[in-house]
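So that the names make sense, note that chain A is the first sequence line, chain B the second, and so on, each numbered from 1. Atom set for the values below is all heavy atoms of this structure, side chains included, hydrogens, waters and symmetry mates excluded.
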4 protein chains.
Amino acid sequence: MQSRTPGTSGTPAPRPGRPRSAAADAAILAATRQALVELGWSKLSMGDVASRAGVAKTTLYRRWTGKNELVVDAVAELFDELRLPDRGSLTADIEGVVLQFAAILARPEARSGLMAVVAESTRDDALRERIRDSIVDRQKRLVLEGRSRAQSRGELPPESDPAESARTVDLIFDVVAGAVVHRTLVSAEPADEVWVRDFTRLLLGGLPAAATP
Amino acid sequence: MQSRTPGTSGTPAPRPGRPRSAAADAAILAATRQALVELGWSKLSMGDVASRAGVAKTTLYRRWTGKNELVVDAVAELFDELRLPDRGSLTADIEGVVLQFAAILARPEARSGLMAVVAESTRDDALRERIRDSIVDRQKRLVLEGRSRAQSRGELPPESDPAESARTVDLIFDVVAGAVVHRTLVSAEPADEVWVRDFTRLLLGGLPAAATP
Amino acid sequence: MQSRTPGTSGTPAPRPGRPRSAAADAAILAATRQALVELGWSKLSMGDVASRAGVAKTTLYRRWTGKNELVVDAVAELFDELRLPDRGSLTADIEGVVLQFAAILARPEARSGLMAVVAESTRDDALRERIRDSIVDRQKRLVLEGRSRAQSRGELPPESDPAESARTVDLIFDVVAGAVVHRTLVSAEPADEVWVRDFTRLLLGGLPAAATP
Amino acid sequence: MQSRTPGTSGTPAPRPGRPRSAAADAAILAATRQALVELGWSKLSMGDVASRAGVAKTTLYRRWTGKNELVVDAVAELFDELRLPDRGSLTADIEGVVLQFAAILARPEARSGLMAVVAESTRDDALRERIRDSIVDRQKRLVLEGRSRAQSRGELPPESDPAESARTVDLIFDVVAGAVVHRTLVSAEPADEVWVRDFTRLLLGGLPAAATP
DNA sequence: GGTTAACCGAGACGGTACGTCCGGTCTTAAG
DNA sequence: CTTAAGACCGGACGTACCGTCTCGGTTAACC
């Protein structure tokens with residue numbers, strides 16, 4: 001939820017003059033998601049979002065530099081709902097979180113927005129950075145959390161080489177996120193329980209081999 | 001490479017009037033790729049492509065309904081370069097084709113265009129169909145070819161259940177394509193030989209488990 | 001009815017090859033007038049006229065250089081209907097022909113077309129020439145005929161100075177044509193019998209003064 | 001000079017938001033006249049006028065509904081220069097104002113524009129109304145002023161019947177305006193002093209007869 | 001009775017302008 | 001200094017015609 005004047009995390013540092021409306025931020029992001037549902041990314045316009053939010057266009061541009069940044073923030077909030085459930089086994093935990101991920105990608109505001117900003121980010125490094133910070137890296141916590149939980153259950157051995165370990169986390173993340181996105185958006189087939197079961201088998205079956213240096 | 005009036009595969013059935021210029025098609029698709037490289041998808045405009053190709057805007061609209069369809073055809077040609085190399089083993093074959101795939105995704109005309117049209121396709125069924133026909137399904141041949149070659153080498157058992165087999169092909173395709181795309185475009189890390197080796201280990205290691213019903 | 005290859009008035013000078021369809025000419029001019037009625041000059045398009053006439057666009061351009069020339073020919077035929085009636089007195093004759101002229105200008109194909117080509121002719125000398133030859137000068141016969149008839153009746157004296165006489169004919173023509181057109185198209189009031197009676201009084205009352213050198 | 005939102009004559013009633021630029025109006029009308037001179041009505045384009053005026057196309061369309069309305073306003077300003085000179089006699093006054101009128105019609109921006117909008121007005125009642133209000137009726141003041149001045153000089157009797165009088169004013173206006181326009185644009189001969197002298201003789205000679213009921 | 005040359009329909013072609021929409025910026029008055 | 005409102009410049013959109021061209025095929029007059 002970074003804005004043009006990035007959120008000074010600590011004290012608000014009260015500037016002179018009229019302070020910005022806090023309600024406006026929420027209204028704008030909600031309006032953006034609504035517009036994504038109804039229109040999709042390419043037909044979503046700043047003016048339309050502004051009038052949906054009951055706000056002037058200038059108010060948008062004071063907070064975000066453009067459509068891309070706005071959509072990143074609007075979509076990022078969706079992925080913060082992801083939780084790693086404790087279902088008792090690594091297999092079940094993975095299946096649970098993948099199903100949650102698939103459920104989010106089934107929502108039109110996520111489908112429309114996510115791929116569009118990724119596409120834009122191929123030519124805009126600042127945007128890619130923002131996507132990484134706001135969306136991608138924030139969800140790596142799930143992989144880390146899942147691994148440590150499996151280790152405490154004894155399903156996985158404690159990692160030895162930290163560099164090796166980081167590489168494996170990244171690989172898993174690319175495989176999970178990539179496969180679900182591809183299944184959902186490109187193949188346009190549902191990532192349902194059957195598919196998730198098969199996929200999880202593949203992933204867990206391959207893990208030991210991948211972890212070998 | 002479908003146009004607005006899809007190619008009647010058999011006899012050309014010479015319609016009355018001046019026939020469409022074949023040279024124009026090639027010039028337009030090349031100009032589109034060039035524009036993708038220089039400008040990216042969102043700043044690519046039909047007028048610009050037309051003038052690069054030395055063609056009138058109407059000539060574009062006579063052949064494609066819009067920017068999305070045009071870009072799909074322009075990008076599709078890139079992926080037809082993919083070949084399954086014969087490197088002697090299943091592992092090596094997979095590594096080879098994945099590296100080729102990664103090399104295509106490293107080209108800016110593919111990066112820019114591919115994700116954008118996928119994003120648009122989330123709200124346009126005809127476009128998704130076109131992407132599937134022109135790009136995705138056409139490359140599944142690689143998976144099929146690789147499997148039959150491995151079977152003839154004795155690396156894989158002949159499939160028994162055809163439905164089960166089709167499901168596995170789809171799964172592999174989603175995993176391979178998804179992981180490489182995610183690594184390349186979202187994580188923005190190179191899918192180099194090291195990564196491909198790790199990924200291939202994961203995939204081949206998990207295959208037996210995934211193939212179990 | 002001049003065409004691009006202007007009508008060699010005498011012998012048709014039979015060129016080799018297939019001769020032009022005579023029926024097409026009539027159909028095109030009729031279609032032009034119909035289009036003028038329904039669409040007006042500015043929304044009339046060559047393609048539309050062609051399809052109304054059941055003819056290809058090339059056939060139009062083979063005969064006329066453009067829209068303006070075509071419309072001039074189509075409108076010119078309307079004014080050839082004008083006849084000088086013999087109502088027994090100069091006053092009555094003038095009133096009769098002025099009413100006929102007003103009736104033609106009340107038809108939408110004449111209103112729309114005439115002023116438009118005159119407007120265009122302000123920047124196109126060839127077009128002005130064509131208008132003069134096809135429309136304007138051809139109707140001066142009415143003034144000449146009216147005068148000689150009045151002279152034979154003894155209502156007007158025979159002219160003495162030929163130059164002076166020509167100047168008067170031109171003046172009368174400008175006054176009559178100009179006044180009726182202005183009344184009809186600019187003031188947008190009908191040039192009815194009452195108005196024509198008043199106008200004719202003014203004209204005939206002023207004639208002796210104007211004819212004095 | 002009416003705009004899309006006609007000038008509320010009284011208080012400006014300050015609407016919210018940025019007010020319209022007054023300078024833009026003048027620049028646009030001047031650019032329109034310049035374009036009429038260089039290109040004529042049919043080759044004048046809104047985009048060209050906009051760029052000449054240093055203004056966006058949207059700014060034109062915010063103020064005028066189309067080319068016709070814009071040209072009417074641009075041309076109307078030309079005719080507001082007309083003044084009734086006091087040359088001591090009715091004859092001389094008329095000759096003076098007719099020469100002025102002819103001088104305006106000799107300017108290419110007037111020739112091109114005036115007839116074109118009159119032609120268009122044959123199919124557009126709102127446009128005809130606009131022409132009447134902005135150009136035609138505004139100049140009838142000249143006829144009225146000339147008559148009252150002639151009456152005060154004793155050259156004309158005071159009018160008795162007001163309806164009769166109004167009809168005569170309209171008739172004179174149609175004759176004067178029509179004849180000068182026809183002489184200038186259709187006959188394409190100059191309305192010079194000789195012609196104006198002859199025409200004025202005709203007009204004044206006929207007036208007594210026309211004024212008789 | 002074949003040759004031949006101009007005709008004809010259809011429709012694609014390179015252009016130009018259209019009138020609209022949107023992106024971002026700016027200028028107001030109000031808070 | 002922020003806000004709502006809305007005008008501003010610029011650029012792209014997709015469409016409509018322009019006048020030209022390139023086809024396959026027809027039609028009359030000459031040989």
Side-chain angles (χ1 to χ4, degrees), chain A residues 14-21 24 42-51 53-67, chain B residues 14-24 42-51 53-67, chain C residues 5 14-21 24 42-51 54-67, chain D residues 14-24 42-51 53-67:
Chain A
R15 289 174 297 173
R18 177 171 171 179
R20 287 191 182 161
S21 158
S42 64
K43 304 208 168 178
L44 175 151
S45 75
M46 297 296 269
D48 183 68
V49 169
S51 71
V55 142
K57 255 200 305 178
T58 32
T59 301
L60 265 72
Y61 283 106
R62 219 172 279 119
R63 289 166 160 81
W64 290 274
T65 56
K67 184 163 142 175
Chain B
R15 290 178 299 170
R18 179 174 173 175
R20 289 193 181 160
S21 159
S42 64
K43 302 207 169 178
L44 175 153
S45 73
M46 297 295 270
D48 183 69
V49 169
S51 70
V55 142
K57 243 193 321 173
T58 42
T59 300
L60 266 72
Y61 284 108
R62 218 174 276 122
R63 289 165 162 79
W64 291 275
T65 55
K67 185 164 141 174
Chain C
T5 44
R15 289 175 297 173
R18 176 176 173 178
R20 287 191 181 156
S21 158
S42 64
K43 305 209 164 176
L44 175 152
S45 76
M46 297 297 269
D48 183 69
V49 169
S51 72
V55 142
K57 253 199 308 177
T58 34
T59 301
L60 266 72
Y61 283 106
R62 221 173 275 122
R63 291 163 159 82
W64 290 274
T65 56
K67 183 164 143 175
Chain D
R15 289 178 300 170
R18 179 174 172 176
R20 289 194 180 158
S21 159
S42 64
K43 303 207 167 177
L44 174 152
S45 76
M46 297 296 271
D48 182 69
V49 168
S51 71
V55 143
K57 247 195 315 175
T58 42
T59 300
L60 266 72
Y61 284 107
R62 217 174 279 122
R63 290 165 161 79
W64 290 277
T65 54
K67 185 164 141 172

field: Ser42(B): partners by side-chain hydrogen bond (donor to acceptor under 3.5 Å, both in side chains), with sequence neighbours left out
entry: Glu120(A)
field: Position toward the 5' end of DNA chain E (nearest nucleotide), Lys43(A) or Leu44(D)
entry: Leu44(D)
task: Output yes when a side-chain donor or acceptor of Lys57(A) lies under 3.5 Å from a complementary backbone atom of Ala50(A), and no otherwise.
output: no
- prompt: Could you give the OH-to-P distance, from Tyr61(D) to dA17(E), as a whole number of Å?
  reply: 12 Å
query: Nearest 0.5 Å, what's the CE-OH distance between Met46(C) and Tyr61(C)?
result: 4.0 Å
message: Rounded to whole Å, how long is the line connecting atom CH2 of Trp64(D) with atom C1' of dG19(E)?
response: 16 Å
message: Give me the atom names and distance for the closest heavy-atom approach of Arg62(C) to Arg20(C).
response: O-NH2, 3.3 Å
message: Quick check: closest heavy atoms across Leu44(D) and Lys67(D), and the distance to 0.1 Å?
response: O-NZ, 2.9 Å
statement: For Ala24(C) and Ser21(C), the nearest pair of non-hydrogen atoms, with its separation, is N-OG, 3.1 Å
message: Strictly under 4.0 angstrom, non-hydrogen atoms only: write out the protein contact profile of nucleotides 10-16 of chain E, one letter per nucleotide from the 5' end, B, S or -.
response: BBBBBB-
Which residue lies more 5' along DNA chain F, comparing Gly47(C) with Met46(B) via nearest heavy atoms: Met46(B)
